[in-house]
Amino acid sequence: MKLGDLQMKKSYRVKHEQEFQKVFKRGNSCANRKFVIYLLEKPEQKHFRVGLSVGKKIGNAVTRNRVKRRIRQGVYELKDSLRQDVDFLIIARPSVEELSMDELQQNLIHVLRLAKLL
């Protein structure tokens with residue numbers, strides 16, 4: 001298996017500041033203790049797009065990047081059961097870096113269900 005097989009293509013990511021702001025301003029939000037999700041429905045879209053935000057309260061750059069990789073992996077594992085007609089942002093709350101991968105996945109599933117994305 002190649003490395004590229006384990007990660008989502010860039011077309012699955014919300015990348016630009018304007019796109020982030022559009023989801024923040026027009027989208028709905030949902031939260032649990034570890035994550036906040038903003039989602040914006042886009043019926044014309046072929047597949048979902050996800051943006052990640054991990055703030056400086058979570059730690060240094062190494063820690064934040066590790067958290068983003070783990071969240072991305074969690075979303076990748078759920079990608080077949082996610083709604084396809086949305087852009088959504090996942091914002092990590094400060095206690096998320098202490099979670100094991102299983103706990104992170106359970107919290108992610110919980111907040112995605114609250115947001116009706118699963």
* Would you say the side-chain atoms of Gln45 pair up with the backbone N or O of Val86, donor to acceptor, closer than 3.5 Å? -> yes
* Structure fact -> Value for CZ (Phe88) from CG (Leu52), rounded to nearest 0.5 Å, stands at 8.5 Å
* Asked: For the atom pair NZ (Lys22) and CG (Leu89), what is the distance rounded to the nearest 0.5 Å?
  -> 12.5 Å
* **Shared hydrophobic cluster for Ile71 and Tyr12 (ILVMFWY, side-chain gaps under 4.5 Å)** => yes
* Measure the spacing between CG of Leu39 and CG of Leu112 and express it to the nearest 0.5 Å. => 10.0 Å
* Do the side chain of Gln21 and the main chain of Gln18 share a donor and acceptor less than 3.5 angstrom apart? -> no
* With the 4.5 Å side-chain cut-off for hydrophobic clustering, are Phe35 and Val67 part of the same group? -> yes
* Residues in side chain to side chain contact (heavy atoms under 4.5 Å, CB included) with Ser95, at least two apart? -> Lys34, Glu98
* Glu103 (side chain) donor-acceptor with Met101 (main chain) under 3.5 angstrom -> no
* Asked: So which heavy atom on Pro94 is nearest to which on Lys57, and how close?
  -> CG-CB, 4.2 Å
* Structure fact -> In short, Cys30 meets Val111 closest at the heavy-atom pair O-CG2, 4.1 Å
* **Residue pair Ala115 / Ile37: nearest heavy atoms and the distance that separates them** => CB-CG2, 4.3 Å
* Report yes or no: do Leu114 and Val23 belong to one cluster of Ile/Leu/Val/Met/Phe/Trp/Tyr joined by side chain heavy-atom distances under 4.5 Å? => no
* Cationic N near anionic O, under 4.0 Å, Glu41 to Arg83 -> yes
* Structure fact -> Across all chains, not counting sequence neighbours, the side chain to side chain contact (heavy atoms under 4.5 Å, CB included) partners of Lys79 are Phe48, Tyr76
* Transitively linked via ILVMFWY side-chain contacts under 4.5 Å: Val50 with Leu117? -> yes
* Going only through I, L, V, M, F, W and Y residues with side-chain contacts under 4.5 Å, is there a path from Leu108 to Ile91? -> no
* Does any non-hydrogen side-chain atom of Val96 lie less than 4.5 Å from one of Asn107? -> no
* To do: Kindly say whether Lys10 contributes a backbone atom to a donor-acceptor pair with the side chain of Lys15 at under 3.5 angstrom?
  => yes
* Separation of Lys25 NZ from Phe20 CZ (nearest 0.5 Å) -> 14.0 Å
* **Stepwise salt bridge (charged side-chain N to carboxylate O under 4.0 Å, His left out) test for Glu97 and Arg66** => CA-CA 8 Å; Glu97 81 273 10; Arg66 183 182 317 117; over 6 Å; no
* To the nearest 0.5 Å, tell me how far Lys68 NZ sits from Ile90 CD1. => 12.5 Å
* Asked: Distance-only, no hydrogens or angles: does the Arg70 side chain make a donor-acceptor pair with backbone N or O of Leu99 under 3.5 Å?
  -> yes
* Lys42/Asp87 salt bridge by N-O under 4.0 Å criterion -> yes
* Structure fact -> In this structure, OG1 of Thr63 is separated from NZ of Lys56 (nearest 0.5 Å) by 13.5 Å
* Donor-acceptor under 3.5 Å (Arg93 side chain, Asn32 main chain) -> yes
* Identify the heavy atoms of Val54 and Ala92 that sit nearest to each other, and give their distance. => CG2-CB, 4.1 Å
* To do: Determine the minimum heavy-atom distance between Arg13 and Arg72, stating which atoms define it.
  => NH2-CD, 3.4 Å
